[in-house]
There are 2 protein chains.
Amino acid sequence: MDTETALSALAALSHESRLAAFRELVQAGPEGLSVGELRERLDLPPATLTAHLNGLRTAELVQDQREGRVIRVRANYPQMNALIAYLTENCCAGATNCGPNSVCIPSTNGGQT
Amino acid sequence: MDTETALSALAALSHESRLAAFRELVQAGPEGLSVGELRERLDLPPATLTAHLNGLRTAELVQDQREGRVIRVRANYPQMNALIAYLTENCCAGATNCGPNSVCIPSTNGGQT
DNA sequence: TCGATAATTCCAGAATTATGGAATTAATGC
DNA sequence: GCATTAATTCCATAATTCTGGAATTATCGA
């Protein structure tokens, strides 16, 4: 993932409603949710939800598929994963001991504190 | 890390100049950089850089320390790591096979597609 | 075709964030 | 005290993002 794409994804997730929407979609699993279900859970006016969904769509963090009158939205897990990979690389500057479960130390000092 | 803190960190990183500043600090390692060095590298007016640094400070993604007339800024690696952990949990909904080097699939379907 | 439902786009006002010059604070050396 | 350097805050303008009502598009069933 390049920096421009990462910025787009970070911007998409940096708003309360959009992060909440994305979390709902992740919890919903591969089935995703219809826009209507999402709207009920988040309790947002239709136009507002669409605007936020468009932010997530631009960042390619979600994908959708029309099913009749309903549009089903799914979290794009690989894209989210790519964002985490980007942040991990930028957090650790290439150190190998880095990740969510380790303390993040740059490689330039061999991991000492 | 709670959602409010994550939102603050995501917002801080979702701007070109701030992400660039943070990357410079990560690459600089534990020594960090003075505000002046950062200013030269990013080529920003002083007031603009300060405004962006304040965003990173509020999110506790950087910490600083005055050394005489100079203020030294360092990346706060644990905070960045906590953000990555938060995103990993929210990306994967608790699945164990998740991380920057694996495909991110929620746990609700056992990893099948 | 018509009516109902789902979701979107359009658009304008409100709110927030970004930008950077000028003034200010902080520290140092003479 | 005074000049110098480093960085900040102050403040006003510019730019962007957010919000949501109203109109529009898309699909379906009768």
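Reckoned from all heavy atoms, side chains included, excluding hydrogens, waters and symmetry mates. Below, chain A is the first sequence line, B the second, and so on; all start at residue 1.
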Taken in chain and number order and not counting sequence neighbours, the residues that satisfy side-chain contact (heavy atoms from CB on, under 4.5 Å) with B:Arg69 are none
note: A:Leu44, atom CG; D:dC18, atom C1'; distance rounded to Å ~ 12 Å
Does a nitrogen or oxygen in the side chain of A:His52 sit under 4.0 Å from OP1 or OP2 of D:dT19?
-> yes
Taken to the nearest whole Å, CD/B:Glu40 to C1'/D:dT5 is 13 Å
From CD of A:Glu67 across to P of D:dA26 the rounded distance in Å is 18 Å
By side-chain contact (heavy atoms from CB on, under 4.5 Å), B:Ala20 pairs with (sequence neighbours left out) B:Leu42
Protein-proximity profile, nucleotides 5-13 of chain C, B/S/- by nucleotide at the 4.0 Å heavy-atom cutoff, equals BSSBB----
Within residues 4-17 of chain B, the residues having a heavy atom closer than 4.0 Å to DNA chain C are B:His15
d(B:Leu56 CG, B:Leu13 CG) to nearest 0.5 Å is 6.5 Å
Residues at least two apart in sequence or cross-chain that pass side-chain contact (heavy atoms from CB on, under 4.5 Å) with A:Arg23, listed by chain then number, are A:Leu19, B:Thr3, B:Tyr86, B:Asn90
Salt bridge (Lys or Arg N to Asp or Glu O under 4.0 Å) pairs touching residues 71-86 of chain A, sequence neighbours excluded, are A:Glu67-A:Arg72
Axis-to-axis angle for the helix from C:dT1-D:dA30 to C:dC30-D:dG1, ends of five pairs each, to 10°, equals 20°
With sequence neighbours left out, the residues meeting side-chain contact (heavy atoms from CB on, under 4.5 Å) with B:Thr58 are none
Residues at least two apart in sequence or cross-chain that pass side chain to side chain donor-acceptor pair (under 3.5 Å) with A:Glu24, listed by chain then number, are A:Arg41
Side chain to side chain donor-acceptor pair (under 3.5 Å) filter on B:Asp43, not counting sequence neighbours, yields none
Across all chains, not counting sequence neighbours, the salt bridge (Lys or Arg N to Asp or Glu O under 4.0 Å) partners of B:Arg57 are B:Asp64
Applied to residues 6-18 of chain B, the side-chain hydrogen bond (donor to acceptor under 3.5 Å, both in side chains) test, sequence neighbours excluded, yields B:Arg18-B:His52
